[in-house]
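Worth saying up front: this structure is predicted, and the values here are computed from it rather than measured.
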Amino acid sequence: MAPTKVLTGARVVLPTGTVDDGRVIVEGSRIAATAPEHAETLDASGHWLVPGFVDIHNHGGGGTSFAGGTAEDVLKGVRTHRLHGTTTVVASAVTGDLDFLARHAGMLAELAQQQDIAGIHFEGPFISPCRKGAHNEELLRDPDPAEVRKLIDAAHGHARMMTLATELPGGLDSVRLLAEHGVIAAVGHTDATYEQTVAAIDAGATVATHLFNAMPPLGHRAPGPIAALLEDERVTVELINDGTHLHPAALQLAFHHAGRDRVAFITDAMDAAGFGDGRYMLGPMEVEVADGVARLVEGGSIAGSTLTLDRAFKRAVTVDGLPVEDVVAAISANPARLLGLDDRIGSLEPGKDADLVVLDADFTLRGVMRRGEWVVDPQLG
């Protein structure tokens, strides 16, 4: 067994608040409550220690795709995001032929069984052509519960979430089916009214897929889905904090109305995350990435992001002015709870996996530990 490590002197963010001059004890792959007398001590003074990041909506990175790549491609993308602090990632698919999605889900399920990913998110094909974003309209379809069940079954118990336009025919029945099978029903890429969104939440929908994006804007006479999703205590809202998808005022609005316990930062990353500008494929759609912004070659719609969660964290604190504890909730604790994994990840507590991120005083990532092993060694004294 690896020697016990004690990280000392850091500002440690715990569920109960931030502890100055705190310490985290790592024994093997877990966080421990006590340390043996001669444990290895690492001086983390001047740094922050926060839980490993948890991304529930991610399509790829490192030049590779979760949505259509091989197992090796997916693992490369996962490694890229780990280098940026994401110690737990859900692989997101995009709209495609139903048989292809089922086959691809089978491969992703094997990676989930090996604990390389934390499960599968199906974004499409059951979404609105009015709000399709970077999805191929020719492959969109109404959410038939039988087809929804086909994808659930193809994931062999590893389907974590499905994004639907719940106002479409079959939408509410599909939400109920997902809830019955323990799969998160997420409202997104939707043209729903306020009333239709309320009905979806009552049927069992619990997540807003990248709130504000790919849905009708908030209106004072027709409040649409945004108001319904923000006001309901049963719903967690995803936010892409890259400075492109959201104005800072929209992010503040979401935190103000949903509160820190109902926000989950996501990347919605595509292949270029952690890789660079150029031409890529997002499912069957060609994407041009310029200056870090991904847009479809045809039509110019935003096509996911090139975000990594370390950048989202730093921006949230230094640009948006959010308290560090609120950011930790949104980037670790809340998504872990959504996945039903908060008994193991999402906070720095004894018994949980030793997944942690070391940030310097300016909130720049310096180290990443996953299950007790350094992914990025901060070279602490």
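Relative ring orientation between His121 and His59 is described as tilted, the plane-to-plane angle lying within the 30° to 60° band. Taking the six-membered ring where tryptophan is involved, the planes of Phe100 and His104 are essentially parallel, since the angle between them stays under 30° and well short of 60°.
With contacts defined as side-chain heavy-atom distances shorter than 4.5 Å, the pair Asp271/Thr64 does not qualify. A heavy-atom distance below 4.5 Å is found between the side chains of Glu238 and Val207. Counting only heavy atoms from C-beta outward, the side chains of Thr209 and Val187 never approach each other to under 4.5 Å. With a 4.5 Å cut-off on side-chain heavy atoms, Ser347 and Ser332 do not count as touching. Annotation: side chain of Glu325 is not in contact with side chain of Leu14 (no heavy-atom distance under 4.5 Å). The shortest distance between side-chain heavy atoms of Val89 and Phe66 falls below 4.5 Å.
In this structure, the separation between OH on Tyr280 and OG on Ser65 is 12.0 Å, given to the nearest 0.5 Å. Expressed to the nearest 0.5 Å, how far CD of Glu298 lies from CG of Leu296 amounts to 8.5 Å. For the atom pair CG of Leu230 and CZ of Phe212, the computed distance is 5.5 Å after rounding to the nearest 0.5 Å. From Leu251, atom CG reaches atom CZ of Phe265 across 5.0 Å, with rounding to the nearest 0.5 Å. Note that CG of Asn58 is 9.0 Å distant from CD1 of Ile266, once rounded to the nearest 0.5 Å.
For the residue pair Thr267 and Asp55, a side-chain donor N or O sits within less than 3.5 Å of a side-chain acceptor on the partner. Residues Thr86 and His81 bring no donor and acceptor atom of their side chains to less than 3.5 Å of each other. For Asp268 and His57, the side-chain atoms include at least one donor-acceptor pair closer than 3.5 Å. Asp362 and Thr364 are not linked by any side-chain donor-acceptor pair at a separation below 3.5 angstrom, with hydrogens and angles left out of the test.
A salt bridge is defined here as a Lys NZ or Arg NE, NH1 or NH2 lying under 4.0 Å from an Asp or Glu carboxylate O, and Asp173 with Arg176 meets this definition. Between Glu137 and Lys132 there is a salt bridge, with a side-chain nitrogen of the basic residue lying less than 4.0 Å from a carboxylate oxygen of the acidic one. Looking at Arg149 and Asp153, a side-chain N of the basic residue comes within less than 4.0 Å of a carboxylate O on the acidic one, giving a salt bridge. Taking a cutoff of 4.0 Å between a charged side-chain nitrogen and a carboxylate oxygen, Asp343 and Lys352 do not qualify as a salt bridge. Note on Arg371 versus Asp355: no salt bridge recorded, every NZ/NE/NH1/NH2 to OD/OE distance being 4.0 Å or above. Remark: Asp342 does not engage Arg337 in a salt bridge, criterion side-chain N to carboxylate O under 4.0 Å.
In this structure Val319 satisfies the side chain to side chain contact (heavy atoms under 4.5 Å, CB included) test together with Arg315, sequence neighbours excluded.
No chain of hydrophobic side-chain contacts below 4.5 Å, direct or via other Ile, Leu, Val, Met, Phe, Trp or Tyr residues, connects Leu229 to Leu178.
Sorted by first and then second residue, the salt bridge (Lys or Arg N to Asp or Glu O under 4.0 Å) pairs with a member in residues 32-53 form an empty list; sequence neighbours excluded. For residues 114-131, the salt bridge (Lys or Arg N to Asp or Glu O under 4.0 Å) pairs, not counting sequence neighbours, are Arg131-Asp191.
Checking Thr18, Asp21, Asp20 one by one against Arg11, the side chain to side chain donor-acceptor pair (under 3.5 Å) holds for a single residue, Asp20.
Taking the six-membered ring for Trp, His245 and His210 have ring centres at least 6.0 Å apart.
Between the side chain of Asp377 and the backbone N or O of Gln379 there is at least one donor-acceptor pair closer than 3.5 Å.
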